There are 2 protein chains.
Amino acid sequence: MSLIFSRQCEYAIQSVLYLALKHHGEMTSIRELAQRLDIPYHFLGKILQSLTRKGLLLSHKGPAGGFALGMPPQDITLFHIVEAIDGTDFTRMCVFGFSECNDTNPCSVHEQWSVLREGVYQMLISKNIAAMAKDTKQPAFRIASGMSNVSL
Amino acid sequence: MSLIFSRQCEYAIQSVLYLALKHHGEMTSIRELAQRLDIPYHFLGKILQSLTRKGLLLSHKGPAGGFALGMPPQDITLFHIVEAIDGTDFTRMCVFGFSECNDTNPCSVHEQWSVLREGVYQMLISKNIAAMAKDTKQPAFRIASGMSNVSL
DNA sequence: AGGTATTCAGACTTATTTATCTGAAATATA
DNA sequence: TATATTTCAGATAAATAAGTCTGAATACCT
């Protein structure tokens, strides 16, 4: 296998985006998120707990409880979510795992990879959840069955 | 965690590069590769077997046996190795795991990611092992303790 | 032929990630 | 207060990736 982000991280991003599509202050249950996004219920619970502990979400127990964004959606970037779940090792490590590889002692693809990695970093840091939510509401961005008609 | 290629794949790339630094036709044992590149012996054995089955390497048993490149180093690209070990799913899948995401039904970062992914693809396909070996022999590219004085 | 060095093959173990289960704590509502 | 609904916490299980072990097969060398 070879992918950029862990499955947990994918689930986290999808969930935060889903919450951003809700009206401000509205609480959403794990059950709803798990059903609409097709994510295992209890696994998602754990992930949302992590995000809550890091302040990205806030939670409320009891009937009518659930989760909501913990900060203004403009302030939540993809990078925040990735950082919270997967960490930021990918911004430092050599693509091919050469432990000695660094700027002064580069592997053969170090420079090329640095450029690409910077591109990924910029993508993560420049995309905030508010902008993504706005995109997602456009007809051209009707991704993810669970997303298509959230609070519209 | 979040990384691009599996550890197997990293080991494979390091090994093929090591072999490319040897004189043409010279056989290298698993033992030597494992020691110099700091890779678990038996695990590396499996990986080299895979590469051999795919034709990227050739092997020879018995004393003075070992592994060598199975094709001219100019013809072996990083993409070949990644393809052989990790597969090529990363060229197709959505970064954030949206199953419905594609060109006509894009997620919010689909276009940006496509550009970055294409960059990765180009890097993999344009870098052949001969060129990397040449780089690695330059003083500016003295990476990987095991690589530094291979057949020089 | 016999001894030795190597890859090959398959079973096995360990570590990590993903997923599930159970019950406790909190809270809204009747 | 009782009940229902939710998150929270920790243990457990299943799946996958990484790593290990043993012995057979092959080939070189004396």
Side-chain angles (χ1 to χ4, degrees), chain A residues 1-15 19 22 25-35 37-70 82 84-87 89-90 97, chain B residues 1-15 19 22 25-35 37-70 82 84-87 89-90 97:
Chain A
M1 202 44 104
S2 71
L3 265 183
I4 305 262
F5 304 114
S6 70
R7 197 170 297 187
Q8 280 196 53
C9 195
E10 291 181 0
Y11 291 162
I13 291 167
Q14 295 179 11
S15 300
L19 293 177
K22 290 300 190 87
E26 188 177 351
M27 285 299 193
T28 307
S29 67
I30 301 176
R31 181 178 30 72
E32 177 180 341
L33 283 159
Q35 284 176 357
L37 299 175
D38 193 28
I39 299 174
Y41 182 89
H42 291 94
F43 193 38
L44 181 57
K46 298 289 180 200
I47 297 167
L48 298 181
Q49 281 170 40
S50 297
L51 294 174
T52 302
R53 278 194 288 270
K54 308 254 179 178
L56 292 175
L57 301 183
L58 54 84
S59 67
H60 205 68
K61 293 180 186 174
F67 294 85
L69 298 183
V82 170
I85 303 293
D86 278 350
D89 281 355
F90 82 96
Chain B
M1 200 46 105
S2 72
L3 266 184
I4 304 262
F5 305 114
S6 69
R7 199 170 297 186
Q8 280 195 52
C9 196
E10 292 180 0
Y11 292 163
I13 291 167
Q14 295 180 11
S15 300
L19 293 176
K22 290 299 191 88
E26 188 177 348
M27 284 299 193
T28 306
S29 68
I30 301 177
R31 182 178 29 74
E32 176 180 342
L33 283 160
Q35 284 176 356
L37 299 175
D38 192 29
I39 300 173
Y41 182 89
H42 292 94
F43 193 37
L44 181 56
K46 298 289 178 201
I47 297 167
L48 298 182
Q49 280 171 40
S50 297
L51 294 174
T52 302
R53 278 194 288 271
K54 309 254 177 177
L56 292 175
L57 301 182
L58 55 83
S59 66
H60 206 69
K61 292 180 186 173
F67 294 85
L69 298 183
V82 171
I85 303 293
D86 278 351
D89 280 355
F90 81 95

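Quick caveat, the model's predicted, so the values are computed rather than measured. A, B, ... follow the sequence lines: proteins, then strands. Residue 1 opens every chain.
Side-chain atoms of A:I85 and A:S6, non-hydrogen and from C-beta on, do get closer than 4.5 Å to each other. In this structure the side chain of B:Q49 reaches within 4.5 angstrom of the side chain of B:R53, judged on heavy atoms. Proximity of A:L33 to A:I39: side-chain heavy atoms (C-beta onward) are nowhere separated by under 4.5 Å. Side chains of B:F67 and B:T52 form a contact here, defined as non-hydrogen atoms less than 4.5 Å apart. A 4.5 Å side-chain heavy-atom check between A:I47 and A:S15 finds every atom pair outside the cut-off.
Rounded to an integer number of Å, the gap from CG of A:L44 to P of C:dC21 is 16 Å. Here the C1' atom of nucleotide C:dT6 and the CG atom of B:L33 are 13 Å apart, to the nearest Å. Rounded to whole Å, atom P of D:dA9 lies 13 Å from atom CG of A:L48. Atom-to-atom, CD of A:Q49 to P of C:dA25 comes out at 15 Å; the value is rounded to the nearest Å. Whole-Å rounding puts the B:I85 CD1 to D:dA17 C1' distance at 13 Å. The interatomic distance linking A:I47 (CD1) with C:dT18 (P) rounds to 8 Å, in whole Å. One atom, CZ of A:F43, and another, C1' of D:dT12, lie 15 Å apart when rounded to the nearest Å. Atom NE2 of A:H42 is separated from atom P of D:dC8 by 13 Å (rounded to the nearest Å).
Out of C:dC8, C:dT27, D:dT7, the shortest distance to the side chain of A:P63 is found at C:dT27. The A:S29 side chain lies nearest to D:dT7 when the options are C:dT22, D:dG19, D:dT7. Side chain of A:T52, nearest nucleotide from D:dC8, C:dT27, D:dT6: D:dC8. The side chain of A:K61 lies closest to D:dC8, out of D:dC8, C:dA11, D:dC28.
Here A:R7 reaches the OP1 or OP2 of C:dA19: one of its side-chain N or O atoms lies under 4.0 Å away. Distances shorter than 4.0 Å separate some side-chain N or O of A:Y41 from OP1 or OP2 on D:dT7. Phosphate contact (OP1/OP2 of C:dT18, side-chain N/O of A:Q8, threshold under 4.0 Å): present. Taking only side-chain nitrogens and oxygens, B:Y11 never comes nearer than 4.0 Å to OP1 or OP2 of D:dA18. Checking the phosphate oxygens (OP1, OP2) of C:dA28, a side-chain nitrogen or oxygen of A:H60 falls inside 4.0 Å.
The shortest non-hydrogen separation linking A:E10 to A:F5 is OE2-O, 4.1 Å. Here the closest non-hydrogen pair linking B:A12 and B:L51 is CB-CD1, 3.9 Å.
Backbone-only contact: B:G66 has heavy atoms under 4.0 Å from sugar-phosphate atoms and none from a base. Looking at heavy-atom distances under 4.0 Å, A:I30 makes contact with sugar-phosphate atoms alone, never a base.
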Open item on the list: I'd like to know whether A:I30 forms a side chain to side chain contact (heavy atoms under 4.5 Å, CB included) with A:K46, so could you lay out the CA-CA distance, the side-chain angles of the two residues, the decisive distance to 0.1 Å, and finally the verdict.
Closed with: CA-CA 10 Å; A:I30 301 176; A:K46 298 289 180 200; over 6 Å; no
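The residue among A:G65 and A:K46 whose nearest nucleotide of DNA chain D is located toward the 5' end is A:G65.
End-to-end axis angle for the helix from C:dA1-D:dT30 to C:dA30-D:dT1, using five pairs per end and rounding to 10°, comes out at 0°.
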